[in-house]
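Here is the structure we will look at.
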There are 2 protein chains.
Amino acid sequence: MAAPPTTPETRERLIDAAVFLFWQNGYAATGVAEILARAKVNSGSFYHFFRSKEALLLAVLDWYVRGLKPFVMQPAFAQSPDPIERVFAVLAFYRQNLIKTGCTYGCPIGRLALEIPENRAEVHHLLAANFDGWTAAIETCLDAARDRLPPDLDRTSLSQFVLTVMEGGVMQSRAHRRIGPFDASVRHLRRYFELLTQSPHHARPVTPPRPIPRPGGPRKTTHRSLTQELL
Amino acid sequence: MAAPPTTPETRERLIDAAVFLFWQNGYAATGVAEILARAKVNSGSFYHFFRSKEALLLAVLDWYVRGLKPFVMQPAFAQSPDPIERVFAVLAFYRQNLIKTGCTYGCPIGRLALEIPENRAEVHHLLAANFDGWTAAIETCLDAARDRLPPDLDRTSLSQFVLTVMEGGVMQSRAHRRIGPFDASVRHLRRYFELLTQSPHHARPVTPPRPIPRPGGPRKTTHRSLTQELL
DNA sequence: GGCCATTGGTTGAACGATCAACTAACTCGC
DNA sequence: GCGAGTTAGTTGATCGTTCAACCAATGGCC
């Protein structure tokens, strides 16, 4: 995540500081005192706004949920009208973060998902919300490209797979301090997409049913109305 | 990782305890006192064997490096003679761990790779060694299946991709507390493998050069001698 | 307009618990 | 007697949180 604009409000400053420090150090290894120092806030003020350190974490995760569309997805989608290229533009966003940080970048949500004990249900609910928002955005791209993908393909699970590749790829590049593993993973994902779009299952059902009307309406008409829905 | 057999030696008990607790809680959130309690060791003994908490972590990571082949790869490989099925048997090992833990399992190496600051070079060196050992084992399977994969395929990067999918998939299932994301990722990986093995690039170079001897020897002969090397 | 009460926010120290690490004395086997 | 290993406590620092006092702005009342 790019750093958001800094606001002068105390609460916002605390969240900003925590966004950065939880990303950099993780949750357990970030002390409240460190957040206070970064935000230039005293501890009494902290507890005025947040019941606890964990309450701040919830605010941070909420911040990420809100920022997903404006900071991640929309800038990436703006780079291409092609829905599949949009998927890879999202992945390029993470590549950029890796490059900018000398391959020390780790996806903050992924990291917190691994770190926070599973009995912290409220936290995990928000972590899952972040992941679901991410995959839902990818799935809209896959839906827009549905005529290029095999009809038997479950696009929900494919969007999950894209997230899997992003998280796993970022983790590998961070571990190795090289961009190679991330790039390799993205290349394989791209090759998988290419193979899917060239899949014989795809070529078969699209071509024959066209001259024969179907109860659900012609496939091409369905495709057009779906495109209009997305715009 | 399955818990290894417990030994009565103090040093081993400490490592065992740390293996479990670093996996369960992560490094920063596991206190030395907790390790001591679990291992039934006093702190003086701890510092007799280990210079510091981090030195214990290094021993834990070394333990994982040593345990990779006997505890992970060999049991999985024993489940099938087919090299590609062996890859998926390895992934099934992680699935098993997810099922056993109600999807709270997280890959310990992946978790530590995200958690430990990148300036801890010695730790990251051993983390990378763990990952490299893993991908190297997968790559031996891919090499054994090379005649079924496209010749232009970089099997090193494909083994990296398998690791990416494993780490990302485990992370997703842990975050969602469901096996679905992991299973979906593995299904997509399997489909990718199927598409690769059916790839037209594969059918082309294998068939034509056979009746024409080559300076390097017939391809089939090369294949046989490689198989003997692997046994 | 002045005074007072209320409210939201702030300061900065203190609290009890936990942290990683250290230490002196001891025990046991050779 | 010596060395490896152990016991059981201590150390100074840090942890997340609490607390009493304070300040400024606002609104209501006289």
Side-chain angles (χ1 to χ4, degrees), chain A residues 6-63 111-112 115-117 119-124 126, chain B residues 6-63 111-112 115-117 119-124 126:
Chain A
T6 309
T7 72
E9 306 293 344
T10 302
R11 190 176 188 276
E12 274 69 39
R13 292 207 318 273
L14 285 167
I15 294 175
D16 290 349
V19 164
F20 177 77
L21 291 170
F22 288 162
W23 161 67
Q24 184 182 52
N25 305 323
Y27 178 73
T30 298
V32 169
E34 197 176 356
I35 295 165
L36 299 182
R38 184 176 174 90
K40 296 180 165 57
V41 172
N42 292 299
S43 75
S45 297
F46 177 91
Y47 290 98
H48 174 83
F49 290 105
F50 299 102
R51 191 183 61 251
S52 63
K53 183 183 178 185
E54 183 169 303
L56 173 63
L57 174 61
L58 294 174
V60 165
L61 291 175
D62 192 60
W63 181 94
R111 179 177 192 164
L112 291 167
E115 177 178 347
I116 307 298
N119 63 355
R120 316 309 304 172
E122 209 174 352
V123 176
H124 273 271
L126 270 180
Chain B
T6 309
T7 72
E9 305 293 347
T10 302
R11 189 176 187 276
E12 274 67 41
R13 292 208 316 276
L14 286 167
I15 295 175
D16 290 349
V19 164
F20 177 78
L21 292 169
F22 288 163
W23 161 66
Q24 184 182 52
N25 306 323
Y27 178 73
T30 298
V32 170
E34 198 176 354
I35 295 166
L36 299 181
R38 185 177 173 90
K40 295 180 166 55
V41 173
N42 291 298
S43 73
S45 298
F46 177 91
Y47 288 100
H48 174 81
F49 290 106
F50 299 102
R51 192 183 61 249
S52 63
K53 185 184 178 185
E54 183 170 302
L56 173 62
L57 175 61
L58 294 174
V60 165
L61 291 175
D62 192 61
W63 181 93
R111 179 177 192 162
L112 291 168
E115 175 178 349
I116 307 297
N119 63 356
R120 316 310 306 171
E122 208 174 354
V123 177
H124 273 271
L126 270 178

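Just the heavy atoms: all of them, side chains too, but no hydrogens, waters or symmetry mates, feed the values below.
Rounded to whole Å, atom C1' of C/dG12 lies 17 Å from atom NZ of A/Lys40. Atom pair A/Glu12:CD and C/dG9:P shows a separation of 11 Å (rounding to whole Å applied). Rounded to whole Å, the distance from CG on A/Asn42 to C1' on C/dG12 is 6 Å.
Residue A/Ile35 holds its CD1 atom at 13.5 Å from CZ of A/Arg13, rounded to the nearest 0.5 Å. Atom CZ of B/Phe22 is separated from atom CD1 of B/Ile116 by 8.0 Å, given to the nearest 0.5 angstrom. To the nearest 0.5 angstrom, A/Leu112 atom CG is 11.0 Å from A/Leu126 atom CG. For the atom pair CG (A/Leu21) and CG (A/Asp16), the distance works out to 10.5 Å, reported to the nearest 0.5 Å. Rounding to the nearest 0.5 Å gives a distance of 12.5 Å between NZ of B/Lys40 and OG1 of B/Thr10.
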Polar atom pairs between nucleotides 18-22 of chain C and protein, under 3.5 Å, N or O only, would you list them?
from	atom 1	to	atom 2	distance (Å)
C/dA20	OP1	B/Lys53	NZ	2.7
C/dA20	OP2	B/Val32	N	2.7
C/dA21	OP2	B/Tyr47	OH	3.4
C/dA21	OP2	B/Lys53	N	2.8
C/dC22	N4	B/Ser43	OG	2.6

For residues 42-59 of chain B, tabulate all N or O donor-acceptor pairs below 3.5 Å that involve a side-chain atom, not counting sequence neighbours.
from	atom 1	to	atom 2	distance (Å)
B/Ser52	OG	B/Glu54	N	3.4
B/Ser52	OG	B/Ala55	N	3.2
B/Lys53	NZ	B/Tyr27	O	3.0
B/Lys53	NZ	B/Thr30	O	2.7
B/Glu54	OE1	B/Arg120	NE	3.0
B/Glu54	OE1	B/Arg120	NH2	3.2
B/Glu54	OE2	B/Arg120	NH2	3.2

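The backbone N or O of B/Ala28 sits less than 3.5 Å from a side-chain atom of B/Glu115, completing a donor-acceptor pair. Put simply, the side chain of B/Arg111 gets close to the backbone of B/Gln24: a donor and an acceptor are under 3.5 Å apart.
First and last contacting nucleotides of DNA chain D toward chain A (any atom under 4.0 angstrom from a heavy atom, 5' to 3' order): D/dG16 to D/dC19.
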